[in-house]
Amino acid sequence: MQATIVTIPGDGIGVDVVAEGVKVLQAVAQKYGHTFTFENHLIGGCAIDAMGDPLPASTLDACQRADAVLLGAVGGPKWDDPTAKVRPEQGLLGLRKGLALYANLRPVQIFPQLRDASPLRPERLDGVDLVVVRELTGGLYFGPRKEATPDDDSAYDTMVYSGDEVRRIARKAFELARLRRKKVTSVDKANVLAASRLWRRVVVEIAAEYPDVTLEHMLVDSAAMHLMRRPADFDVIVTENMFGDILTDEASMLAGSMGMLASASLGEGKNGVYEPIHGSAPDIAGKGIANPLATILSAAMLLRYSLGLNEEAAAVEKAVADVVAAGYRTRDIYTDGTKLTHTKEMGSLICQRL
Ligand code: IPM
Ligand code: MG
């Protein structure tokens with residue numbers, strides 16, 4: 001098949017890891033006889049530097065026309081001035097909103113050989129296999145807000161949801177659960193927040209369309225605790241934008257590192273943005289030591305969800321599992337007796353396995 005893939009490395013280690021994702025996609029194209037055309041674009045801090053805009057129109061436009069987007073990360077100390085008019089993160093949020101990618105899928109899988117990389121006791125990790133379905137274009141990130149100013153020392157952000165926004169993300173979660181262990185945990189803060197009470201009522205309404213799927217509700221504070229206490233009990237977790245942001249950083253510790261978790265941001269069509277859940281890690285940027293596996297696993301999701309190439313996606317995932325099983329580790333998942341591996345070498349090992 002022919003496909004146009006937009007690559008947006010962004011800032012920091014985004015550059016290091018996207019290069020490896022592209023390498024793997026090129027290896028897939030070669031092996032399976034596909035033609036992937038890559039188009040590189042700017043987002044975040046580097047786009048502010050080059051064009052004064054964290055999401056240049058040319059980037060959004062290219063993404064809209066593409067079959068899929070592979071993204072790295074945004075942000076860094078250079079653009080962290082709290083009084084700045086534009087921030088790198090606005091680029092990423094604008095892209096998600098601009099492409100109407102309201103569903104962010106973040107799978108948490110455990111590679112058996114990485115059990116020792118997790119701060120949790122290994123036996124806690126037995127049977128862990130969950131997906132967080134994070135609502136991505138609403139909630140606290142996108143509600144009306146006010147910045148503090150020198151003369152007005154107050155600020156607010158607002159969590160706003162419409163019933164329809166909850167309906168469509170709930171449906172995604174239930175559809176996904178049907179393909180898995182048929183359990184949905186809806187995470188909210190309905191004991192305090194009005195937006196969460198709406199969320200809960202609508203999720204219950206949608207659940208009636210899926211009688212074969214079990215629904216449970218959990219308050220977000222309690223969910224944060226149970227994720228550590230009994231992570232294997234979760235199947236699909238569906239939740240508000242910011243709750244999902246927080247819970248997935250926490251959940252990455254089950255997998256051993258932020259460097260292991262991939263994500264797919266999807267809307268109604270086939271197009272999507274695929275990115276690791278980790279940030280730009282400016283402290284290790286350009287040193288060649290970042291873990292590219294989350295990005296490579298995101299590339300596998302790209303093959304599956306945007307291009308419909310299931311066999312190729314599974315082959316990439318298998319190659320990652322094989323390389324991990326063979327003992328290769330970037331610094332973040334290194335444990336005694338394993339082989340310390342650099343970013344590029346890790347990408348090449350995956351390509352070789354393919
Ligand atoms: C993520 C990141 C982003 C988010 C930041 C960089 C805006 O933390 O994708 O999880 O909060 O969504
Ligand atoms: Mg995050």
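- The ring-ring contact (aromatic ring centres under 6.0 Å, His included) check on Tyr161 picks up Trp199, with sequence neighbours excluded.
- The closest donor-acceptor contact from the side chain of Lys97 to the backbone of Thr137 lies under 3.5 Å.
- Side chain of Thr341 to backbone of Arg329: a donor-acceptor contact under 3.5 angstrom is found.
- Side-chain N/O atoms of Glu216 and Thr185 include a donor and acceptor closer than 3.5 Å.
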Kindly list each side-chain donor-acceptor pair under 3.5 angstrom involving residues 237-248, sequence neighbours excluded, with atom names and distances?
from, atom 1, to, atom 2, distance (Å)
Thr239, OG1, Val187, O, 2.9
Glu240, OE1, Met242, N, 2.9
Glu240, OE1, Phe243, N, 3.1
Glu240, OE2, Leu140, N, 2.8
Asn241, OD1, Arg134, NE, 3.0
Asn241, OD1, Arg134, NH2, 2.8
Asn241, ND2, Leu136, O, 3.3
Asn241, ND2, Gly138, O, 3.1
Asp245, OD2, Tyr141, OH, 3.0
Thr248, OG1, Arg106, NH1, 2.8
Thr248, OG1, Gly244, O, 2.7
Thr248, OG1, Asp245, O, 3.2

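- For the atom pair Ser162 OG and Leu198 CG, the distance stands at 7.5 Å (nearest 0.5 Å).
- Counting heavy atoms from C-beta on, the side chains of Thr343 and Glu20 come closer than 4.5 Å.
- Two different hydrophobic clusters hold Met258 and Val273 under the rule that ILVMFWY side chains link at heavy-atom gaps under 4.5 Å.
- Cluster annotation: Leu99 is not connected to Met301 through the hydrophobic network of ILVMFWY side chains, with a link wherever side-chain heavy atoms come within less than 4.5 Å.
- Looking at Tyr102 and Glu268, their side chains come closer than 4.5 Å, going by heavy atoms from C-beta outward.
- Under the 4.5 Å side-chain heavy-atom criterion for ILVMFWY residues, no single connected hydrophobic cluster contains both Leu42 and Ile5.
- Without hydrogens or angle criteria, Ser298 side chain to Ala294 main chain gives a donor-acceptor distance under 3.5 Å.
- Within 6.0 Å of the NZ atom in Lys182, the count of heavy atoms belonging to other residues, nucleotides or ligands exceeds 12.
- Asn40 and Thr7 share a side-chain donor-acceptor pair at under 3.5 Å.
- Counting only heavy atoms from C-beta outward, the side chains of Arg87 and Trp79 never approach each other to under 4.5 Å.
- Between Tyr32 and His34, the ring-plane angle classifies as parallel under the 30° and 60° cut-offs.
- Contact of the His278 side chain with the Asp249 side chain is not registered, since no non-hydrogen atoms from C-beta on lie closer than 4.5 Å.
- In summary, the side chains of Asn104 and Ser265 do present a donor paired with an acceptor at a separation below 3.5 Å, with no hydrogens or angles considered.
- By the 6.0 Å and 45° rule, Arg178 does not stack over the aromatic ring of Tyr210.
- For the pair Lys270 and Tyr305, the cation does not sit on the ring face, since its NZ or CZ is not both under 6.0 Å from the ring centre and inside 45° of the axis.
- Contact annotation: the side chain of Val184 never approaches that of Asp235 to less than 4.5 Å [non-hydrogen atoms, C-beta and beyond].
- The hydrophobic cluster containing Leu101 does not contain Leu303, counting ILVMFWY residues as joined when their side-chain heavy atoms lie under 4.5 angstrom apart, directly or transitively.
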Do any side-chain atoms of residues 107-120 form donor-acceptor pairs under 3.5 angstrom with protein atoms, and if so which ones, sequence neighbours left out?
from, atom 1, to, atom 2, distance (Å)
Arg115, NH1, Asp126, OD1, 2.4
Ser118, OG, Leu120, N, 3.0
Ser118, OG, Met253, O, 2.8

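- Side-chain contact, Asp188 with Ser196: no donor N or O sits under 3.5 Å from an acceptor N or O.
- Heavy-atom neighbours of Asp283 CG from other residues, nucleotides or ligands within 6.0 Å: above the threshold of 12.
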